[in-house]
Number of protein chains: 2
Amino acid sequence: MTSQAADEPETVVASRRSKITPEREREFFDAVLEQIRECGYESVTMEGVAASTRCSKSTLYRQWKTKPQFVAAALRANRRVRFTGIDTGSLADDLRQAARAAGDWSAKDTKLLQALGHAMTSDQELSRALREALIDPEIAALQEMLARGVARGEIRSDHPALEYVPAMMLGVLRVRPVLCGEYADSDYLARFVEAAVLPALGLT
Amino acid sequence: MTSQAADEPETVVASRRSKITPEREREFFDAVLEQIRECGYESVTMEGVAASTRCSKSTLYRQWKTKPQFVAAALRANRRVRFTGIDTGSLADDLRQAARAAGDWSAKDTKLLQALGHAMTSDQELSRALREALIDPEIAALQEMLARGVARGEIRSDHPALEYVPAMMLGVLRVRPVLCGEYADSDYLARFVEAAVLPALGLT
DNA sequence: GTGTACCGGTACTCAGCCGTATCGGTACAC
DNA sequence: GTGTACCGATACGGCTGAGTACCGGTACAC
């Protein structure tokens with residue numbers, strides 16, 4: 001849908017369909033995601049997004065048919081690889097570093113997940129987009145770490161706690177604000193890994 | 001607001017203010033909570049609740065001023081003590097039994113929390129009601145278990161994993177449906193306690 | 001220069017829901 | 001029997017937001 005920006009600099013055949021530059025598009029996406037984090041999915045309006053980006057509601061509806069499709073597109077554009085470049089050679093250190101890294105974007109991602117948590121049960125496209133953007137990459141990265149640890153022989157592949165590591169990490173991320181009102185930061189996550197995750201895995 | 005039912009059987013002075021019996025009131029509360037679980041807070045309408053309980057919208061507005069106040073009242077009425085009567089004399093067995101018990105109501109409570117997760121950030125009364133109904137009782141019960149374990153000398157009071165037990169338990173409850181699409185049942189929670197929580201605490 | 005087609009702005013339709021008002025029916029008190 | 005006051009039903013006002021239509025301006029292609 002917006003993939004022509006990747007390999008079509010300026011002068012290619014397919015007649016330009018839109019004057020919206022990729023940078024402009026990202027402004028729209030950032031605006032709607034930010035408003036979702038602040039006000040929740042239901043309270044976000046196309047008018048509000050248009051106003052905050054100084055564009056016209058018509059412009060948004062020319063690019064995306066409906067509000068959920070617009071939000072889903074924003075989520076997919078926001079998708080990025082998590083925990084990039086974490087590979088210390090030690091499972092324990094990988095997890096420690098992942099905890100530190102997660103602290104940076106935990107608040108933003110958790111807010112999004114919280115705000116869209118129920119909307120995703122009604123709209124299937126939204127659900128898939130949210131999963132691809134926020135959930136699958138994190139789980140995949142964690143499982144990759146664990147797989148490397150198994151391959152190095154640091155932990156047995158049938159260790160009973162292995163399958164619960166993603167749930168523990170993401171679970172703590174998500175419930176922290178509910179339990180004590182503030183989002184999990186790097187320090188909290190690092191202490192959690194040290195005090196609970198590593199002992200459960202039998203590492204130190 | 002509705003506390004006269006507790007100590008006023010039938011024949012007391014204070015003129016009856018409402019013909020709504022406590023049983024009828026509970027029907028209203030059950031209906032609105034169920035609709036919240038199904039459709040989310042924003043999508044629940046007073047008209048829908050009235051229709052599904054075959055009462056009039058006026059009846060609801062006579063008892064409760066606004067929709068959030070109505071929902072908050074329903075939450076408070078739904079409040080109940082969790083993990084009642086769990087006291088096996090062993091911290092590990094307490095946690096095992098709590099996991100089994102939690103499986104019974106985890107789906108309903110998790111749906112509510114998910115549906116109201118963002119609404120609670122905007123309405124303070126709703127937020128407090130939700131916390132009192134669904135979060136505080138569970139945390140209190142867990143911490144009581146842990147305190148008993150400490151008192152019996154099963155675990156040192158400064159064990160680093162102690163403070164993360166509530167977050168682990170509730171975290172897993174909440175993210176399970178996000179991760180794999182189904183709610184945490186008793187078996188899953190029991191296996192989680194066995195494989196992750198108890199080892200983190202150094203029990204067995 | 002000329003034309004095309006997209007952009008921003010505004011006005012509009014349509015639908016849904018909150019909360020209020022009104023009215024007849026009825027159960028209970030006395 | 002009589003009165004009171006609550007219940008259920010319905011209709012209504014007001015607002016908000018999704019999505020559409022139209023219109024003038026303008027940038028880019030050729």
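Per chain, numbering begins at 1; letters A, B, ... match sequence-line order.
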Give DNA chain C the dot-bracket treatment, 5' to 3': Watson-Crick (N1-N3 with N6-O4 or O6-N4) or G-U (N1-O2, O6-N3) under 3.5 Å, [ ] crossing, | other strand. ||||||||||||||||||||||||||||||

Assess whether atom CD of A:E132 is packed by more than 12 heavy atoms of other residues, nucleotides or ligands within 6.0 Å. yes

Atom pair distance, as rounded to whole Å: CZ in B:F70 and P in C:dC17: 16 Å

Check nucleotides 15-18 of chain D for protein N or O atoms closer than 3.5 Å to its own N or O atoms and list the pairs.
from: D:dA18; atom 1: OP1; to: A:V44; atom 2: O; distance (Å): 3.3
from: D:dA18; atom 1: OP2; to: A:M46; atom 2: N; distance (Å): 3.3

Side chains of A:Q35 and A:S52: donor-acceptor distance under 3.5 Å anywhere? yes

Taking only side-chain nitrogens and oxygens of B:Q63, does any of them come within less than 4.0 Å of OP1 or OP2 of D:dC7? yes

State whether a side-chain donor-acceptor pair under 3.5 Å links B:S90 with B:T88. no

Kindly give the heavy-atom pair with the smallest separation between B:L142 and B:P166, and that separation in Å. CD1-CA, 3.9 Å

When the distance from CG of B:L60 to P of D:dC6 is rounded to whole Å, what number comes out? 16 Å

Starting at the 5' end of DNA chain D, which residue's closest nucleotide do you reach first, B:R54 or A:K65? B:R54

Whether over 12 other heavy atoms sit under 6.0 Å from B:R80 CZ: yes

Indicate the ring-plane relationship of B:F28 and B:W64, choosing parallel, tilted or perpendicular according to the 30° and 60° boundaries. perpendicular

Over all heavy atoms of both residues, which pair between A:A115 and A:G40 is shortest? Give the atoms and the distance, please. CB-CA, 4.0 Å

Does A:R24 come within less than 4.0 Å of A:E27, counting only side-chain N to carboxylate O? yes

Pair B:R37 + B:E34, salt bridge at N-O below 4.0 Å: yes

How many whole angstroms separate atom CZ of B:R24 from atom C1' of D:dC6? 13 Å

Just the rounded figure in Å: distance from C1' of D:dC7 to CZ of B:F28. 10 Å

Could you pull out the protein-nucleic contacts involving nucleotides 21-26 of chain D (nitrogen or oxygen on both sides, under 3.5 Å)?
from: D:dA21; atom 1: N6; to: A:S58; atom 2: OG; distance (Å): 2.9

Between A:K67 and A:E42, is the closest basic N to carboxylate O distance under 4.0 Å? no

